[in-house]
Amino acid sequence: MTAIPESKTQSKWLDAELKYDSGVYNKHEVVMVRGLGATVWDENGRSYIDCVAGYGVANIGHSHPDVVRAIQEQAGKLMIMPQSVPNDKRAEFLQELVGVLPAGLDRVFLCNSGTEAVEAAKKFAITGTGRKRFVSMKRGFSGRSLGALALTWEPKYREPFGEAVDSKNVDFVTYGNVEELRAAVTDQTAAVILEPVQGEGGVRPGTMEFMQEARRITKEKGALLIMDEIQTGFCRTGKMFATEHFGITPDGMTLAKAMAGGVPIGAFVMTAEVADRMPAGGHGTTFGGNPLSMAAGLAAIRAMKREGMAEQAREKGTYFMDRLRAIDSPKIREVRGMGLMIGVELKEKSAPYITALEHDEGVMALQATPLVVRFLPPITITKEQIDGVVDAFERVLNGVNPRAERQAQLAAQAEEKQSE
């Protein structure tokens, strides 16, 4: 599947990152320097099948030629212009984005990341309803800034910051439990915020009943329903947005990750009714909506439509999950997902297998809870690459180490030559 170097050279780039980085990241012992489609290469020329895709950013593949061209052209024209000053590329992007959104979501606040989109969503929900309480999901993930962190369930993210995280205005309910949701949403609730598929929470798709009841309950109580499509949006699950699987239209959606093919971008999209209740100057951003990210986003969305990326994700996701379910291993508890957002829950810790996939097989994957291996490949991944990933995963589950076998083979060959 991939060339395995026989020796590892010391990397000055890895040393520099380890020396100067803040220390909040657990670093892989590899330096990536290039990517194309679903393949990335490290500084030693070793190739990897990338099932991380920048945490679900590279949906249309690494260095998609349309996005590269758009960035190059726009960089030579204009890279920054505040949103108080209209811009041709921004206007063109907004038209394209609204054209693929669910009907009624035709107002957009542009920003730079998913966390910023969540921060905007909270503020628009407060001004849009006159309320301050929120309902979020257990096992949900909304970001790590102080405002977004209040909606994130995992205590390890919140506890180090104590009362600075305003979780007292947030009620957490069990994802999928209609009765808990009904009890939590009151006339003081500004919004219910939930993911159509929980990513960090273990790749758990929502049920039709829960999503439709969430829409009905929020309407009944005068609260907003905000769908977090930061990881699920832009064809990842087999539709342009995962919300479409459930036949509902929310009052708002948070977007980011794959929207610009790899360039930082974010947005909170909403109804005109919600947008019009925010006072002028009530929120803002310096870099959000910059022409460079707008050009990239425009090219990315057009590529998704032209290349049928939603259909590709649906077909390839079905194939990928069928192949994973065919693995005969007592270590697998469940394979689940939607489109090319796939989780394999094991009966033991997943981290060693994720490490073995990368080190021994040249396959990059993610953890999602301690037991789940998450696969988020670019939608451009080929069926041959999917076969390679599944075969590699089966080998690591069975304790087969091709690198060790290759080294043993080379050692045997060397010994044989010496004895001649």
Q) If you look at every heavy atom in P378 and A38, which pair is closest and at what distance? A) CG-CA, 3.8 Å
Q: Carefully, step by step, assess Y319 and D387 under the rule side chain to side chain donor-acceptor pair (under 3.5 Å).
A: CA-CA 9 Å; Y319 179 76; D387 288 337; 2.6 Å; yes
Q.
Between the side chains of D66 and R306, is the shortest nitrogen-to-carboxylate-oxygen separation below 4.0 Å, so that they form an ion pair?
A. yes
Q.
Which residue is it: R215, R107, R277? I am looking for the one with a salt bridge (Lys or Arg N to Asp or Glu O under 4.0 Å) to D251.
A. R215
Q) Going by distance alone, is a donor N or O of one side chain under 3.5 Å from an acceptor N or O of the other, for H64 and E307? A) yes
(Q) Could you report the tightest heavy-atom contact between A260 and I265, atom names first, then the distance? (A) CB-CG2, 3.7 Å
Q. Can you find a pair of side-chain heavy atoms, one from D106 and one from T271, that are under 4.5 Å apart?
A. no
Q) Do H62 and T39 have a side chain donor and acceptor closer than 3.5 Å? A) no
Q. Nearest heavy-atom pair of A70 and A295: which atoms, and what distance?
A. CB-O, 3.6 Å
Q.
Is the shortest side-chain heavy-atom distance between Q74 and M79 below 4.5 Å?
A. no
Q: Assess whether side chain to side chain donor-acceptor pair (under 3.5 Å) is satisfied between E119 and S145, documenting all intermediate values.
A: CA-CA 8 Å; E119 294 282 354; S145 63; 2.4 Å; yes
Q.
Does K349 have more than 12 heavy atoms from other residues, nucleotides or ligands lying within 6.0 Å of its NZ?
A. no
**Q.** Audit row: K305, E96, salt bridge (charged side-chain N to carboxylate O under 4.0 Å, His left out) steps and yes/no
**A.** CA-CA 11 Å; K305 293 162 60 179; E96 191 73 31; 2.7 Å; yes
Q) Does the side chain of L14 come within less than 4.5 Å of V30's, by heavy atoms? A) no
(Q) Can you see whether T243 engages E229 through a side-chain donor-acceptor pair at a distance of less than 3.5 angstrom? (A) yes
Q. Is a side-chain donor-acceptor pair under 3.5 Å present for K123 with H283?
A. yes
(Q) Taking salt bridge (Lys or Arg N to Asp or Glu O under 4.0 Å) as the criterion, tell me which of R374, K156, K138 meets it with E200. (A) R374
Q: May I have the step-by-step check of salt bridge (charged side-chain N to carboxylate O under 4.0 Å, His left out) for E213 and R182, ending in yes or no?
A: CA-CA 9 Å; E213 281 297 296; R182 184 176 291 115; 3.0 Å; yes
Q: Compute the centroid of each ring, for F393 and then for Y353, and state whether the two points are separated by less than 6.0 Å.
A: no
Q | K221 bridged to D187 by N-O distance under 4.0 Å | A | no
**Q.** Identified side chain to side chain contact (heavy atoms under 4.5 Å, CB included) partner of I193 from the options V135, T254, L151
**A.** L151
Q) Just wondering, are more than 12 heavy atoms of other shown residues or ligands nearer than 6.0 Å to CZ in R133? A) yes
Q: Find out whether the Lys NZ or Arg CZ of K257 is both under 6.0 angstrom from the six-membered ring centre of Y55 and within 45° of the ring's axis.
A: no
Q.
Angle between ring planes, W153 versus F172, binned at 30° and 60°: parallel, tilted or perpendicular?
A. perpendicular
Q. What's the verdict on side chain to side chain contact (heavy atoms under 4.5 Å, CB included) for L376 and V52, showing C-alpha distance, side-chain angles and the deciding distance?
A. CA-CA 5 Å; L376 288 176; V52 175; over 6 Å; no
Q. Would one find more than 12 heavy atoms of other residues, nucleotides or ligands at under 6.0 Å from atom CD of E334?
A. yes
Q. So, are R216 and E220 salt-bridged, with charged N and O less than 4.0 Å apart?
A. yes
(Q) Quick one, M227 and M211 - any side-chain contact, counting heavy atoms below 4.5 Å? (A) yes
Q. Any salt bridge between D391 and R323, counting N to O under 4.0 Å?
A. yes
(Q) Strictly distance-based, threshold 3.5 Å: is any side-chain N or O of R336 a donor or acceptor partner for the main-chain N or O of I342? (A) no
Q: Any chance you could lay out the side chain to side chain contact (heavy atoms under 4.5 Å, CB included) test for V203 and M341, step after step, and finish with the verdict?
A: CA-CA 7 Å; V203 191; M341 186 174 181; 4.2 Å; yes
Q | Derivation of the side chain to side chain contact (heavy atoms under 4.5 Å, CB included) call for M364 and C51 | A | CA-CA 5 Å; M364 299 180 69; C51 290; 5.7 Å; no
Q.
Around atom NZ of K27, are there more than 12 heavy atoms from other residues, nucleotides or ligands closer than 6.0 Å?
A. yes
Q: Decide ring-ring contact (aromatic ring centres under 6.0 Å, His included) for F210 and F246; before the verdict, give the C-alpha distance in whole Å, the side-chain angles of both, and the deciding distance to 0.1 Å.
A: CA-CA 9 Å; F210 185 67; F246 304 104; 9.6 Å; no
Q.
If only side-chain N and O atoms count, and only distance matters, is there a donor-acceptor pair under 3.5 Å linking E394 with S329?
A. no
Q. Under 4.0 Å between a Lys/Arg side-chain N and an Asp/Glu carboxylate O for R302 and E92?
A. yes
**Q.** Near-ring test F234/F241, centroid separation under 6.0 angstrom
**A.** yes
Q) Taking atom CG of D21 as the centre, does the number of heavy atoms from other residues, nucleotides or ligands within less than 6.0 Å exceed 12? A) yes
**Q.** Atom pair CD1 (I248) and CE (M208), whose distance is rounded to the nearest 0.5 Å
**A.** 9.0 Å
(Q) Contact between I60 and V67 at the side-chain level, heavy atoms closer than 4.5 Å - yes or no? (A) yes
Q. Which word best sums up how the rings of F320 and F375 line up, parallel for under 30°, tilted for 30 to 60°, or perpendicular for over 60°?
A. tilted
Q. For the residue pair C111 and A117, what are the closest heavy atoms and their distance?
A. SG-N, 3.6 Å
Q) How far apart are the closest heavy atoms of L105 and M253, and which atoms are they? A) CD1-CG, 3.9 Å
**Q.** Where M321 and G337 come nearest, the two heavy atoms and their spacing
**A.** SD-N, 3.7 Å
Q | Charged N-O contact under 4.0 Å between D166 and K168 | A | yes
